[in-house]
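I have placed the structure first, in the form of structure tokens, so that the comments after it can refer back to it.
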Amino acid sequence: MKEYDTYIFDLDGTLLSTLEDLAKSTNYALHKNGMAEHSLEDIRMFVGNGVKKLMQRAIPHGENNPKFEQTYADFRQHYLKHNLDTTRPYDGIPALLTELKQRGKHLAIVSNKFYTATKNLACHFFSDTIDVAIGERETIKKKPAPDTVLEALKELGVSRKGAVYIGDSDVDIMTAKNCNLPCISVLWGFRDKDFLLKHGATTFVSNPKDILY
């Protein structure tokens with residue numbers, strides 16, 4: 001694997017296994033508002049475009065549902081309290097980040113998860129290795145727009161030259177393309193290889209250590 005100067009990571013499905021906590025908060029909000037719950041595999045296919053899109057997919061009729069805003073608010077409130085219940089880094093991720101940091105690489109997270117949760121999770125799990133964490137907020141366009149990645153590069157004080165984007169979804173592939181960055185697609189996340197191939201993925205890793213060598 002080519003060595004880069006800057007590594008921009010997606011969060012959910014790339015660095016952190018977050019699916020169970022996302023599913024529990026989704027189903028909590030749905031149940032509280034009298035809606036049918038979803039299976040874990042349903043939720044797996046709903047995630048990847050930010051939590052608002054997750055709720056648009058999970059709630060019958062999406063934003064056209066009169067209970068959408070309340071259900072979405074209930075999800076956010078529950079998730080901020082419970083996003084560490086089962087969430088953990090994927091095996092090999094802490095060692096990968098530590099090695100990259102020791103090699104003097106610049107590291108950042110760019111996520112469509114809302115800003116507070118992104119910051120909290122980055123601080124909790126990766127405070128010793130991740131320099132910058134950018135989450136979703138109203139003042140900046142979310143992925144696949146390039147804005148959050150460009151902001152991360154600016155905060156790191158580096159250019160796109162020598163940078164790579166790493167993620168697990170079609171949104172990540174499009175984000176890298178829109179930033180004119182190479183993309184590494186991980187195979188331990190929310191989408192399988194066939195799905196990623198159909199959406200233009202060209203470079204794959206099946207283990208975090210493969211990013212190093």
Side-chain angles (χ1 to χ4, degrees), residues 1-19 47-50 88-113 118-119 121-123 125-136 140-213:
M1 184 68 63
K2 178 181 176 180
E3 189 166 337
Y4 296 90
D5 298 318
T6 302
Y7 293 76
I8 309 293
F9 292 92
D10 172 55
L11 185 60
D12 294 44
T14 301
L15 296 180
L16 292 180
S17 175
T18 58
L19 185 60
V47 299
N49 300 79
R88 58 173 178 77
Y90 287 102
D91 291 344
I93 288 296
L96 165 67
L97 299 179
T98 296
E99 177 64 25
L100 289 173
K101 191 72 173 179
Q102 290 175 348
R103 294 184 185 186
K105 308 304 181 182
H106 303 284
L107 308 179
I109 291 169
V110 173
S111 175
N112 278 346
K113 184 186 293 293
T118 299
K119 287 287 190 180
L121 289 169
C123 182
F125 289 109
F126 308 121
S127 60
D128 293 336
T129 50
I130 297 291
D131 302 308
V132 170
I134 307 291
E136 179 186 16
I140 190 169
K141 292 181 181 179
K142 66 180 183 178
K143 301 183 296 183
D147 302 50
T148 49
V149 174
L150 297 180
E151 180 176 335
L153 292 171
K154 181 179 180 181
E155 289 193 23
L156 288 171
V158 299
S159 69
R160 278 181 277 196
K161 184 178 180 181
V164 64
Y165 187 92
I166 302 170
D168 73 306
S169 74
D170 53 322
V171 173
D172 296 314
I173 296 165
M174 289 187 289
T175 300
K177 182 178 180 180
N178 290 338
C179 296
N180 196 28
L181 292 179
C183 182
I184 298 172
S185 296
V186 308
L187 296 178
W188 55 80
F190 298 155
R191 302 290 185 265
D192 61 25
K193 187 172 184 178
D194 287 342
F195 179 93
L196 295 169
L197 280 169
K198 290 176 182 177
H199 289 84
T202 58
T203 304
F204 300 93
V205 290
S206 57
N207 189 297
K209 67 181 180 181
D210 296 338
I211 294 172
L212 295 170
Y213 306 107

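The structure displayed is predicted, hence computed values, not measured ones.
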#### Entry: Contact check, side chains of Asp131 and Leu156, non-hydrogen atoms, under 4.5 Å
yes
### Task
Could you please spell out the steps behind the side-chain contact (heavy atoms from CB on, under 4.5 Å) verdict for Ile109 and Thr118?
CA-CA 8 Å; Ile109 291 169; Thr118 299; 4.3 Å; yes
### Task
For the pair Asp170 and Lys198, find out whether any cationic side-chain nitrogen is under 4.0 Å from an anionic carboxylate oxygen.
no
### Query
Is there a side-chain contact between Val149 and Thr175 (heavy atoms, below 4.5 Å)?
yes
### Query
Out of Lys143, Lys142, Lys113, which residue meets the salt bridge (Lys or Arg N to Asp or Glu O under 4.0 Å) rule with Asp10?
Lys143
### Query
Do the non-hydrogen side-chain atoms of Ile140 and Glu151 ever get within less than 4.5 Å of each other?
yes
#### Entry: Ring-face cation of Arg103 near Tyr213 (centre distance under 6.0 Å, axis angle within 45°)
yes
### Task
Measure the shortest side-chain to side-chain distance between Lys101 and Asp128 over non-hydrogen atoms and say whether it is less than 4.5 angstrom.
no
### Task
Check the pair Glu155, Ile134 against side-chain contact (heavy atoms from CB on, under 4.5 Å), reporting the backbone distance first and the verdict last.
CA-CA 10 Å; Glu155 289 193 23; Ile134 307 291; 3.5 Å; yes
### Query
Any side-chain heavy atom of Asn178 sitting closer than 4.5 Å to one from Tyr165?
no
#### Entry: Non-hydrogen side-chain atoms of Phe190 and Thr18 separated by less than 4.5 Å
yes
### Query
Is there side-chain contact between Ile166 and Tyr7, with heavy atoms separated by less than 4.5 Å?
yes
### Query
Do Leu181 and Tyr4 have side-chain heavy atoms sitting under 4.5 Å apart?
no
### Leu11 vs Asn112, side-chain contact (heavy atoms from CB on, under 4.5 Å): CA-CA, chis, key distance, verdict
CA-CA 9 Å; Leu11 185 60; Asn112 278 346; over 6 Å; no
### Task
Report the C-alpha distance between Val47 and Asp12 in whole Å, list the side-chain angles of each, state the deciding distance to 0.1 Å, and finish with yes or no for side-chain contact (heavy atoms from CB on, under 4.5 Å).
CA-CA 9 Å; Val47 299; Asp12 294 44; over 6 Å; no
### Query
Does Glu3 pair with Lys105 as a salt bridge, N-O distance under 4.0 Å?
yes
### Message
Around atom CG of Asp192, are there more than 12 heavy atoms from other residues, nucleotides or ligands closer than 6.0 Å?
### Response
yes
